[in-house]
Number of protein chains: 2
Amino acid sequence: MKVLTKKTDYAIRALLMLAASNGRYLSAKAISDEQDIPYQFLRGLLQELIRLGHVVSKEGARGGFMISRDPDEIRVKQLIEAFQGKVQVSECMFRKQICANRAKCVLRHEIMRIEEVVNNEFERITIGSLLHNLKRIQGQPPA
Amino acid sequence: MKVLTKKTDYAIRALLMLAASNGRYLSAKAISDEQDIPYQFLRGLLQELIRLGHVVSKEGARGGFMISRDPDEIRVKQLIEAFQGKVQVSECMFRKQICANRAKCVLRHEIMRIEEVVNNEFERITIGSLLHNLKRIQGQPPA
DNA sequence: TTATCTGATATCAATATAGTATCAGTTTAT
DNA sequence: ATAAACTGATACTATATTGATATCAGATAA
Ligand code: FES
Ligand code: FES
């Protein structure tokens, strides 16, 4: 079971790179090369990130993409939901005889707790927090 | 993002039903009808459950399937791993420049914590515990 | 000795994921 | 002005995963 698809993984990596490049536009090409993300795939992905409001673009030569909101406000949970849909254990696990009434289904309740835990964790993690950790382990490169 | 596939869902429901039917063999047909699981799909699934050691079968008329181990020992985690593979966030999330060295990658470390949480939760839940809850909410049917 | 079952296997359909290609239009630099 | 470096938009293909069917042989019970 894979929790993050490639697309989400790519999105996170691209956003991290964009978050790290303060004020400069990065081209899809640059991100693709640096992060080993298939170019055309990334192109599409970046457009989605624009629609989601995470980045803005500038057309033409020397154009590219720039992050457009505080990295601390971009939560991994948002990205997962955008690219993979809401985290849900299963549409509705126990039907018919087993589950008399959906409303007070205890099993459902129990299983849904897991969803909450997962969601909380992914909500906690932001592009900002990831970047922070990255810098910490890499050490500040001599500016 | 769907945590449980239909197959895992079906497996859990089938096992619950088998666990509830003490000592009697249940036919695939009976389970299929009761649980709304496509018959042939269930057939294959039951064979897998045999290979996994969770159930045994009896051929011929009046044959069927019977649970073969303590429901408390059948963990949802086992089932997920059998049918969907191990829970893993992504093969390896941050590569190349971003992640200098895999060994001490903090991001990886952080993200893997989530895997652990999920795994722990699913390890806690067994067919036995689910059945227990089921009986509790349904009330013991007049024996 | 037939109806009711499982064993084993093959095949197919639907969906989701991953990746590629193309062309039009915008901007910068020369 | 015009070529080079870019994005916007969209269509397409490939691959993998998941979900579902179909078939036939063989076992068992009534
Ligand atoms: S899980 Fe859907 S009614 Fe209980
Ligand atoms: S996640 Fe793979 S090296 Fe950091």
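Per chain, numbering begins at 1; letters A, B, ... match sequence-line order.
- Distances shown here put every side-chain N or O of A/K7 at or beyond 4.0 Å from the OP1 or OP2 atom of C/dA16.
- Within the 4.0 Å cut-off from OP1 or OP2 of D/dA22, not a single side-chain nitrogen or oxygen of B/Q40 is found.
- With rounding to whole Å, A/R51 atom CZ is found 9 Å from D/dA9 atom C1'.
- In this entry the distance linking NZ of A/K6 with P of C/dT17 reads 13 Å, nearest Å.
- Here C/dC5 presents its P atom at 11 Å from CZ of B/F65, a figure rounded to the nearest Å.
- Phosphate proximity of D/dA9 to A/Q47: present, with a side-chain N or O under 4.0 Å from OP1 or OP2.
- Mapped onto DNA chain C by nearest heavy atom, B/G64 and A/Y39 fall at different nucleotides, with B/G64 at the one closer to the 5' end.
- With respect to A/E121 and A/R124, a salt bridge is recorded, a charged nitrogen being found less than 4.0 Å from a carboxylate O.
- Put simply, B/Y25 has no side-chain N or O that comes within less than 4.0 Å of OP1 or OP2 on C/dC5.
- Nucleotide D/dT7 holds its C1' atom 12 Å from the CG atom of A/L42, rounded to whole Å.
- Of the side-chain N and O atoms in B/S27, none sit less than 4.0 angstrom from OP1 or OP2 of C/dT4.
- Within the structure, side-chain hydrogen bond (donor to acceptor under 3.5 Å, both in side chains) contacts touching residues 48-60 of chain A (residues at least two apart or in different chains) are A/K7-A/E48, A/H54-A/R69.
- As rounded to whole Å, 8 Å separates atom P of D/dC6 from atom CZ of A/R62.
- One axis for each end of the helix from C/dT1-D/dA30 to C/dT30-D/dA1, each built from five base pairs, and the angle between them comes to 0° at 10° resolution.
- In this structure, B/R43 places its CZ atom 12 Å from C1' of D/dA25, rounding to the nearest Å.
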